[in-house]
4 protein chains.
Amino acid sequence: MTDKKERILVATEKLLATHGFHGLSMQMVAKEAQVATGTIYRYFNDKNDLLHQLHEHILGYIAKRISRNINDSMSLKQRYRTMWLNLWHMSVNGEAPLINQGQFQHLPRDNSYEKKALKKQLFSCVNQMFDEGKACLLFKPLKNEILSTLSLETSCYLARQKINGGLEITDSELNAAIEASWDAIIQH
Amino acid sequence: MTDKKERILVATEKLLATHGFHGLSMQMVAKEAQVATGTIYRYFNDKNDLLHQLHEHILGYIAKRISRNINDSMSLKQRYRTMWLNLWHMSVNGEAPLINQGQFQHLPRDNSYEKKALKKQLFSCVNQMFDEGKACLLFKPLKNEILSTLSLETSCYLARQKINGGLEITDSELNAAIEASWDAIIQH
Amino acid sequence: MTDKKERILVATEKLLATHGFHGLSMQMVAKEAQVATGTIYRYFNDKNDLLHQLHEHILGYIAKRISRNINDSMSLKQRYRTMWLNLWHMSVNGEAPLINQGQFQHLPRDNSYEKKALKKQLFSCVNQMFDEGKACLLFKPLKNEILSTLSLETSCYLARQKINGGLEITDSELNAAIEASWDAIIQH
Amino acid sequence: MTDKKERILVATEKLLATHGFHGLSMQMVAKEAQVATGTIYRYFNDKNDLLHQLHEHILGYIAKRISRNINDSMSLKQRYRTMWLNLWHMSVNGEAPLINQGQFQHLPRDNSYEKKALKKQLFSCVNQMFDEGKACLLFKPLKNEILSTLSLETSCYLARQKINGGLEITDSELNAAIEASWDAIIQH
DNA sequence: AATGAATGAGTCTTCATTCAT
DNA sequence: AATGAATGAAGACTCATTCAT
């Protein structure tokens with residue numbers, strides 16, 4: 001990817017996190033990325049396109065990040081803990097500030113076929129874990145989306161509260177939260 | 001509350017859900033509420049204030065709605081199910097379209113003291129349930145915020161996926177999801 | 001018509017004549033009309049609409065102006081001379097600077113039904129003259145549009161050359177031109 | 001003339017006819033001419049210069065085209081008819097789409113000395129015809145510009161109406177129009 | 001209390017022009 | 001000679017806010 005395009009995307013992500021969707025102007029992006037306003041339009045059709053491409057850019061990043069330090073020889077529980085903490089750290093460290101923030105909800109043309117395909121790819125290692133867990137009767141027989149929401153994604157929701165200043169959480173509480181979310185999906 | 005003020009708030013909520021935060025103009029609100037533009041400024045200092053008051057308005061609504069059909073004679077499990085389903089129906093029916101959508105995240109002056117107090121009030125019945133559950137050793141000894149995120153709030157997250165078109169869910173799956181989220185917080 | 005709308009139209013006509021279609025900015029119009037930029041958009045949908053409405057405004061003016069001092073008791077020749085000179089003076093004095101300048105050619109939505117109807121009205125006295133002339137066999141049996149182009153409209157074309165600085169013309173030459181254009185349409 | 005310069009001029013003429021003066025960008029011209037944007041500036045100082053040179057280019061074309069099939073052995077009437085029809089066909093066929101359209105009216109630096117000289121050259125055969133006609137007392141003793149406007153140029157004006165869709169004209173009507181315009185300039 | 005016309009700063013986007021390659 | 005990425009001023013249009021009525 002061109003140097004400038006990359007810089008524009010990075011600048012947009014940063015500003016989107018700070019200012020939100022409204023209050024994000026192309027001039028601001030240009031200034032932050034240290035390019036001329038017009039330059040943005042060489043790489044993106046318009047503001048919408050910029051946000052869409054950013055979305056895909058971020059999804060790609062999350063895809064890589066969520067499966068860090070995961071390999072098939074690990075036990076299900078180990079994989080679960082690792083992914084949960086990957087999400088947690090990514091969220092808390094602001095590596096993907098837009099995750100779970102609904103910032104992309106009002107883009108027209110969203111939920112397109114390509115987006116869904118991308119999400120498939122994103123969660124491939126997640127889906128594999130859930131499939132295996134259900135196959136050996138360790139997990140409850142529910143759709144992967146439901147299992148994920150009940151367990152893995154709680155990581156992001158807790159992180160959001162921490163970031164917003166509404167929640168402090170110790171290491172042992174974090175550990176207990178992981179175990180509790182694990183309880184939600186295993187058979188008892 | 002004045003008739004006009006009420007109408008303005010209702011119009012704002014509707015438009016906010018449809019158009020998102022950006023693309024919401026005072027003129028649009030005035031038209032939707034059948035009120036002159038200037039009238040809005042009788043009841044609200046500025047656009048920010050309108051959104052803030054709307055936020056509180058909505059929180060108040062949710063407060064009432066979440067505890068519908070709840071009374072102290074019900075068992076903990078019954079209360080949990082009822083509140084979970086109250087949240088679910090409210091979310092799915094679009095009664096509080098802004099719940100969990102992050103639409104209010106970028107308001108300046110947010111997370112103020114009054115907001116937190118309001119949230120306390122909002123979750124008073126929720127907190128009572130968690131406190132009782134922990135007292136009788138049925139629930140895990142975790143902060144109420146964590147318990148809530150792991151269990152009750154999954155209702156909203158699932159509802160959001162349903163609304164976005166990314167998830168279909170049957171009645172039996174819904175029931176299983178409630179049970180699973182219950183498993184997350186009880187001791188095993 | 002509102003005072004401001006009138007002022008905007010007048011300003012636009014003036015600037016259009018001076019700067020042409022390109023190089024006419026809404027800011028210029030606003031400044032010339034002594035209104036705020038946004039005010040223009042209370043009365044006109046967009047730039048196109050402004051130009052369209054100006055066009056009709058001008059056609060209306062020409063309609064009144066071309067038939068000044070005309071009445072049915074005058075002979076055909078007298079009426080012809082009067083209309084020819086009305087057009088001439090209007091053109092030369094810059095009363096309708098856009099006449100015959102093709103400034104409206106690139107408006108989309110032009111040549112609409114309403115425009116044609118307006119032109120009918122505009123040329124009603126002209127058409128009546130040509131019809132009478134053909135009825136008494138004084139004029140050649142041609143369509144009114146053709147007769148008009150060959151005779152009356154030469155007034156504008158000559159005026160345009162005078163304005164552009166390409167032609168000087170004396171009173172007697174003017175008179176001769178009227179007679180010559182009369183020769184074009186009468187039977188010999 | 002260089003191949004590229006020619007291509008740029010041709011592209012500009014085409015786009016000018018379609019899009020009008022406004023809505024013509026150098027990028028569009030470059031794309032249409034299959035040339036890099038910067039290349040245009042090898043051959044033309046700026047956009048104004050491009051339009052000026054295009055104007056001269058077109059005048060040169062018209063000069064050649066108007067005198068096609070004309071030679072001195074033809075009678076005045078024959079020459080008149082031929083030139084009238086040359087103009088007519090050129091206009092109607094869109095060979096010089098900018099003729100009579102006022103597209104060049106607002107160029108600064110226009111009506112320069114060179115432009116006038118060019119026009120002399122352009123109308124040399126026309127002027128010769130009018131001079132001969134006046135010398136033998138066939139034509140009225142008026143300036144050539146006036147004679148031209150009253151007779152020859154009606155060709156363009158009628159053509160414009162036909163193109164705009166405001167006028168349909170049969171062959172016999174066309175013929176009658178030529179005769180009528182001839183009547184305007186001859187002595188009776 | 002209510003209106004809605006008016007404002008003008010600010011938004012997204014285009015485009016004539018330059019310049020390193 | 002030719003390219004086309006980059007620039008940033010300027011354009012059309014919007015909208016939060018005010019104020020005379």
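In what follows, every chain begins at residue 1, and chains take the letters A, B, ... in the order their sequences are listed.
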Whole-Å distance, B:Gln34 CD to E:dA2 P, equals 15 Å
Heavy-atom closest pair (C:Ser91 atom, C:Ile163 atom, distance to 0.1 Å) is O-CD1, 3.2 Å
Looking only at F:dC13, F:dT17, E:dC12, the nucleotide nearest the C:Asp46 side chain is F:dC13
Among the nucleotides E:dT17, F:dA16, F:dA12, whichever has the atom closest to the side chain of C:Lys47 is F:dA12
Answer for the Watson-Crick or wobble partner of F:dT21, both distances under 3.5 Å, is E:dA2
Closest non-hydrogen atoms of B:Ile8 and B:Tyr43, given as atom of the first, atom of the second and distance, are CD1-CD1, 4.2 Å
Between OH of D:Tyr43 and P of F:dT3 the distance, given in whole Å, is 9 Å
Per nearest nucleotide of DNA chain F, the residue lying toward the 5' end, D:Gly38 or C:Met28, is D:Gly38
For C:Met28 and C:Gly23, the nearest pair of non-hydrogen atoms, with its separation, is SD-O, 3.5 Å
B:Met26 CE to F:dC15 C1', in whole Å, measures 10 Å
Tell me whether D:Gln34 at atom CD has more than 12 heavy atoms from other residues, nucleotides or ligands lying less than 6.0 Å away. no
### Message
Tell me whether the side-chain N/O atoms of A:Lys31 come closer than 4.0 Å to OP1 or OP2 in F:dT7.
### Response
no
When rounded to whole Å, the CG to C1' distance for the pair B:Leu50 and F:dT17 reads 13 Å
Open item on the list: Under 4.0 Å from OP1 or OP2 of F:dA2: is there any side-chain N or O of D:Lys5 that close?
Closed with: no
When both distances are under 3.5 Å in a Watson-Crick or G-U wobble arrangement, the nucleotide paired with F:dC15 is E:dG8
Of the listed F:dG11, F:dA2, F:dC13, the closest approach to the D:Lys4 side chain comes from F:dA2
Check your understanding: How is C:Ser25 classified with respect to the nucleic acid when contacts are heavy atoms under 4.0 Å: base, sugar-phosphate, or nothing?
Key -> sugar-phosphate
From OH of B:Tyr41 across to P of F:dA20 the rounded distance in Å is 17 Å
**Study point:** Evaluation steps, side chain to side chain contact (heavy atoms under 4.5 Å, CB included), between A:Val29 and A:Val35
**Key:** CA-CA 9 Å; A:Val29 171; A:Val35 293; over 6 Å; no
| request: Decide whether a cation-pi geometry holds between C:Lys47 and C:Tyr41; the criteria are a distance under 6.0 Å from NZ or CZ to the six-membered ring centre and an angle within 45° of the ring axis. | output: no
From CG of A:Asn45 across to C1' of E:dC12 the rounded distance in Å is 14 Å
**Prompt:** Does the side chain of A:Gln27 get closer than 4.0 angstrom to OP1 or OP2 of E:dT11 through an N or O atom?
**Reply:** no
Sorted by position of nearest nucleotide on DNA chain F, 5' first, the leading residue of D:Val35 and B:Leu24 is D:Val35
**Prompt:** Do any side-chain nitrogens or oxygens of B:Arg42 fall under 4.0 Å of OP1 or OP2 in E:dA2?
**Reply:** no
In whole angstroms, the gap separating P of F:dC13 from CG of C:Asn48 amounts to 8 Å
When rounded to whole Å, the CG to P distance for the pair D:Leu15 and E:dA16 reads 12 Å
*asked:* If the cut-off is 4.0 Å, is D:Thr39 near the phosphate of F:dT3, judged by side-chain N/O to OP1 or OP2?
replied: yes
